[in-house]
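Each chain gets a letter, A, B and so on, in the order the sequences are listed, and its residues count up from 1. Computed over heavy atoms, backbone and side chain alike; hydrogens, waters and symmetry mates excluded. On a predicted model such as this, the values are computed, not experimentally measured, just so you know.
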There are 2 protein chains.
Amino acid sequence: MQQNIFRKFLEDRGWRLTKQRNAILQKAFSCKGHFDPESLYMEMRKKGMKASRASVYRTLNLLCECGLVGKVSKTEHGTIYEHTLGSHHDHMVCTDCGEIIEFYSESLEKLQEEICREMDFEGKSHILEIRGHCRHCRMKKNVLGGESSNG
Amino acid sequence: MQQNIFRKFLEDRGWRLTKQRNAILQKAFSCKGHFDPESLYMEMRKKGMKASRASVYRTLNLLCECGLVGKVSKTEHGTIYEHTLGSHHDHMVCTDCGEIIEFYSESLEKLQEEICREMDFEGKSHILEIRGHCRHCRMKKNVLGGESSNG
DNA sequence: ATAATTGCAAAATATTTGCCTACTT
DNA sequence: AAGTAGGCAAATATTTTGCAATTAT
């Protein structure tokens with residue numbers, strides 16, 4: 001469980017799992033998908049959990065260091081995070097509506113390992129983001145454009 | 001040639017290919033690999049080409065809009081760009097020394113297309129970044145760690 | 001007591017924008 | 001003359017940091 005992992009990470013260096021750190025951890029893991037520091041901070045305030053912005057940023061950095069949380073990408077609106085318990089996956093991003101779709105392909109993982117071997121590079125992790133248009137937005141466009149959907 | 005593409009892009013909207021815009025364009029395309037706005041700006045100053053930071057940012061945005069230049073990623077040190085004439089490729093990033101290695105795999109491209117088909121997603125582009133350790137840094141570590149290289 | 005932690009506000013960093021001047025046509 | 005472009009400095013947004021007060025062991 002994530003709390004124990006984090007506690008161990010902290011105790012190994014003589015640090016403490018404080019109320020704030022734990023609250024931030026819980027909140028991060030309560031997000032189904034992706035989150036950014038500011039939203040996490042605001043959500044916490046709404047729920048009455050008190051932690052400062054500084055603590056949110058500081059704790060997210062700790063969570064990254066210990067691997068429980070990873071940076072997905074940096075955007076105009078700040079860094080996007082996700083928690084990393086659960087299986088690895090990649091992302092498709094719809095550039096129309098912004099939806100982020102997770103997917104996983106064993107062949108893709110295997111192929112990347114093979115490419116790393118060929119290039120003599122020790123791959124540790126990867127971020128793949130396929131950008132394009134989701135079905136929903138494509139359908140919307142077809143309706144507007146009047147394209148027929150069956151032959 | 002990139003200058004004509006950019007000129008056309010600008011003239012189509014009644015804008016001009018000015019000395020500064022051209023200088024920034026040339027500088028961007030003179031970078032073999034990746035660059036960031038600040039370095040580009042500093043390099044330009046060194047070479048005596050005069051353009052303000054604001055113009056660099058403004059022009060890079062224009063170059064992105066017209067597709068001559070693309071954002072590779074956002075890092076702690078700002079946005080990394082590359083010019084997009086020449087072939088598509090992906091990146092391996094060494095987390096030890098920061099080196100960025102370009103690679104291309106036809107199979108990988110094909111496989112991604114297939115995945116998109118399966119997921120009913122219209123993929124337009126992608127960014128793949130494999131993070132890990134380059135050969136050089138691995139060798140350095142082995143020397144330090146005293147690990148033998150043949151059994 | 002000691003050392004870690006917090007929250008705040010200030011600082012740092014990257015980027016955008018407002019405004020006024022200077023070109024270009 | 002009209003509109004575009006440039007440069008500067010101020011504004012913005014995100015994230016980090018210094019510091020004094022607080023907390024846990």
Novice: Considering only C:dG7, C:dT6, D:dT15, which nucleotide approaches the side chain of A:R21 most closely?
Specialist: C:dT6
Novice: Between A:E114 and A:K110 (salt bridge meaning N to carboxylate O under 4.0 Å), is one present in this structure?
Specialist: no
Novice: Check whether any side-chain heavy atom of A:K50 lies under 4.5 Å from a side-chain heavy atom of A:M44, and answer yes or no.
Specialist: no
Novice: Please figure out whether B:K19 or B:H77 has its closest DNA chain C nucleotide nearer the 5' end.
Specialist: B:H77
Novice: Would you mind reading off the distance between B:E11 atom CD and C:dT25 atom P, rounded to a whole angstrom?
Specialist: 10 Å
Novice: Hey, is A:E122 close enough to A:R117 for a salt bridge, meaning N to O under 4.0 Å?
Specialist: no
Novice: Is it true that B:E11 and B:R13 make a salt bridge, defined as a side-chain N closer than 4.0 Å to a carboxylate O?
Specialist: no
Novice: Mind checking B:K74 for me? I need base, sugar-phosphate or nothing, with any heavy atom below 4.0 Å counting as a touch.
Specialist: nothing
Novice: For A:Y57 and D:dT17, what is the distance between atoms OH and C1' respectively, to the nearest whole Å?
Specialist: 14 Å
Novice: Can you tell me the distance, in whole Å, between the CZ atom of A:R53 and the C1' atom of C:dA10?
Specialist: 14 Å
Novice: Of the listed nucleotides (D:dG3, D:dT16, D:dT23), which one gets closest to any side-chain atom of B:R16?
Specialist: D:dG3
Novice: A:D12 has an atom CG; how far is it from atom P of C:dA4, in whole Å?
Specialist: 15 Å
Novice: Between P on D:dT15 and CD on A:E38, what's the gap in Å once rounded to a whole number?
Specialist: 9 Å
Novice: Report which part of the nucleic acid A:R58 touches: base, sugar-phosphate, or nothing (heavy-atom distance under 4.0 Å, all strands).
Specialist: base
Novice: For A:R45 and C:dC8, give me the distance from atom CZ to atom P, rounded to whole Å.
Specialist: 7 Å
Novice: In terms of the nearest nucleotide of DNA chain D, which residue is placed more toward the 5' end: B:S52 or A:K71?
Specialist: B:S52
Novice: Specify the residue among B:T75 and B:A54 whose closest nucleotide of DNA chain C lies further upstream toward the 5′ end.
Specialist: B:T75
Novice: Among C:dT16, D:dA5, C:dT6, which is the nearest nucleotide to the side chain of B:W15?
Specialist: D:dA5
